[in-house]
Amino acid sequence: IPFEQANLVYRLWDDWAAGSAGEAGLELSDVEQQVLDAVRAVVDSQQSGAALVRRMPGLIPQLLQSLRSDNFSGAQLSRTISNDVVLVAAVTRLANSSMLGTGKNVASVEHAVMVIGQEGLRQLITSVAFRPIIDMNSGYYTRTVAPRIWDRAERCANANRSLARENGVEPFEAFLAALVQNVGMIVALRIMDQVARDDRTLGSGLFRAQLATLARQLSCSISQDWHFPQSVTHAIREQGRVARGAVMSPLGRLMALSDYMGKLRMLVEHGVVEEGDPALFGRLPMAAPRCYAALETVEEVAG
């Protein structure tokens, strides 16, 4: 994707997601500098940003580790899942939806686990584990921006999964990468709320660019702390080198495409840009139309 074209979409996305147009100046306000300093302090500290994520229970990494084995135990997984009511509800709902038209319903969590299967459980558990980190009772920036970021993240995760094998990428790693890539920004938004308090003027172009870089570093730190595959952390880190045209891994290229197309699709859906605009839809990779089609609205899997 050409550099200027990508920059245009990213700027339009940032303006829409934040609900305001960012100033193009080269100076940071005092509050913007304070926010960046606070986020940078977390990045530079010995503690991972994972400590600031509201919900990533210890059982989630345990479940994901179990699911990496082809010989997973449905009984053991069901017992672990039963410790989290949100997961129980999501697993049961998905399993029942899979059985529509059969006249049957799942009889237990273990039954639901077997109906969904290994790959379905991986994706469901990951989605449910991440989603509650958005606390809608927090400050202005989290309430305004985080839901839009997470909507795009879940769409990109599904698009990555659907296009993974043709790009030589493991589907679950592609799915996981799109979610964890955005965790750092959710944490950064929480820090913005804590530092800025009632100041709603943050959002200059320079501030957004520096915040995006720091948020990506946070995502990498969190990915490592949660012991996710190294390929996932590496692909997230690669997203900071897209503008310079660096050689990227297959997963990194897929993430760059779904990120661009995900922003573009949501801008179209909300009337910010027109579908088919050659300045935005032209000069794209051959896989772009399939990626765009795979970015349709994600249905909720948990209440």
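Because the structure is predicted, anything quoted here is derived from the model rather than measured.
Taking the six-membered ring where tryptophan is involved, the planes of Tyr10 and Tyr260 are perpendicular, since the angle between them exceeds 60° and thus also 30°.
With respect to the salt-bridge test (charged N to carboxylate O, under 4.0 angstrom), the residues Glu238 and Arg253 do not qualify. Salt bridge status for Glu269 with Arg155: present, with a side-chain N to carboxylate O gap under 4.0 Å. Under 4.0 Å is where a charged nitrogen must lie from a carboxylate oxygen, and between Asp15 and Arg208 at least one such pair does.
Judged purely by atom type and a 3.5 angstrom limit, Gln217 has no side-chain atom pairing as donor or acceptor with the backbone of Leu214. Counting only distance, with no hydrogens or angles, the side chain of Thr142 and the backbone of Gly139 share no donor-acceptor pair below 3.5 Å. Side chain of Ser223 to main chain of Cys220: no donor-acceptor pair is present (N/O by atom type, distance under 3.5 Å, no hydrogens or angles). Side-chain atoms of Asp277 come within 3.5 Å of backbone N or O of Ala279 as a donor-acceptor pair. The backbone N or O of Ala153 sits nowhere less than 3.5 Å from a side-chain atom of Asn182 that would complete a donor-acceptor pair. Between the His270 side chain and the Met266 main chain, a donor and an acceptor come within less than 3.5 Å of each other. In this structure, the side chain of Gln239 engages the main chain of Ala235 through a donor-acceptor pair within 3.5 Å.
For the pair Leu295 and Ser258, the tightest heavy-atom approach, listed with the atom from each and the gap, is CD1-O, 4.2 Å. Closest approach of Thr144 to Ala18, counting heavy atoms only: CG2-O, 4.0 Å. Here the closest heavy-atom approach between residue Leu218 and residue Val42 is recorded as CD2-CG1, 3.6 Å. Closest heavy-atom contact between Glu173 and Pro229: OE2-CB, 3.7 Å. Minimum interatomic distance between Ala177 and Val232 (heavy atoms only, all atoms of both residues): CA-CG1, 3.8 Å.
To the nearest 0.5 Å, the span separating OG1 on Thr233 from CG on Leu251 amounts to 10.0 Å. Note that CG of Leu163 and CG of Leu257 are 7.5 Å apart. Values are rounded to the nearest 0.5 Å. Here CD of Glu32 is found 3.5 Å from OG of Ser29. Values are rounded to the nearest 0.5 Å. Taking CD from Glu27 and CG from Leu206, the interatomic distance works out to 9.5 Å, rounded to the nearest 0.5 Å. Interatomic distance, Met255 CE to Ser249 OG, rounded to the nearest 0.5 Å: 8.5 Å. For the atom pair Ile149 CD1 and Cys156 SG, the distance stands at 11.5 Å (nearest 0.5 Å).
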inquiry  = Determine whether Ile222 and Val187 satisfy the following criterion, side chain to side chain contact (heavy atoms under 4.5 Å, CB included), listing intermediate values before the conclusion.
reply    = CA-CA 10 Å; Ile222 293 168; Val187 171; 4.2 Å; yes
Step by step, work out the side chain to side chain contact (heavy atoms under 4.5 Å, CB included) result for Val268 and Phe281. CA-CA 11 Å; Val268 168; Phe281 284 85; 4.0 Å; yes
Would you please test Val183 and Trp150 for side chain to side chain contact (heavy atoms under 4.5 Å, CB included) and show each step? CA-CA 9 Å; Val183 172; Trp150 208 251; 4.1 Å; yes
Apply side chain to side chain contact (heavy atoms under 4.5 Å, CB included) to Arg290 and Glu166, showing your working.
CA-CA 12 Å; Arg290 296 196 305 282; Glu166 66 187 72; 2.3 Å; yes
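Tested against Val39 for a side chain to side chain contact (heavy atoms under 4.5 Å, CB included), the candidates Ile191, Val195, Asp44, Thr213 yield a single pass: Ile191. With respect to Val31, the side chain to side chain contact (heavy atoms under 4.5 Å, CB included) criterion is satisfied by exactly one of Thr201, Asp199, Leu36: Asp199.
Within the 4.5 Å cutoff, the side chain of Pro171 has no heavy atoms near those of the Asn160 side chain. For the pair Arg161 and Asn158, the minimum side-chain heavy-atom distance is below 4.5 Å. Between Glu274 and Leu280 the shortest side-chain heavy-atom distance does not fall below 4.5 Å. With contacts defined as side-chain heavy-atom distances shorter than 4.5 Å, the pair Gln5/Arg283 qualifies. Side chains of Trp16 and Lys263 form no contact here, defined as non-hydrogen atoms less than 4.5 Å apart.
When hydrophobic clusters are built by joining Ile, Leu, Val, Met, Phe, Trp and Tyr residues whose side-chain heavy atoms come closer than 4.5 Å, directly or via intermediates, Leu176 is not grouped with Leu254.
With hydrogens and angles left out, the side-chain atoms of Gln33 and Asp37 include a donor and acceptor closer than 3.5 Å. Under the 3.5 Å distance criterion, with hydrogens and angles disregarded, no donor-acceptor pair is assigned to the side chains of Ser219 and Gln181. For Gln194 and Tyr141, the side-chain atoms include no donor-acceptor pair closer than 3.5 Å.
The side-chain tip of Arg152 points at the ring of Trp13 from less than 6.0 angstrom away and within 45° of straight on.
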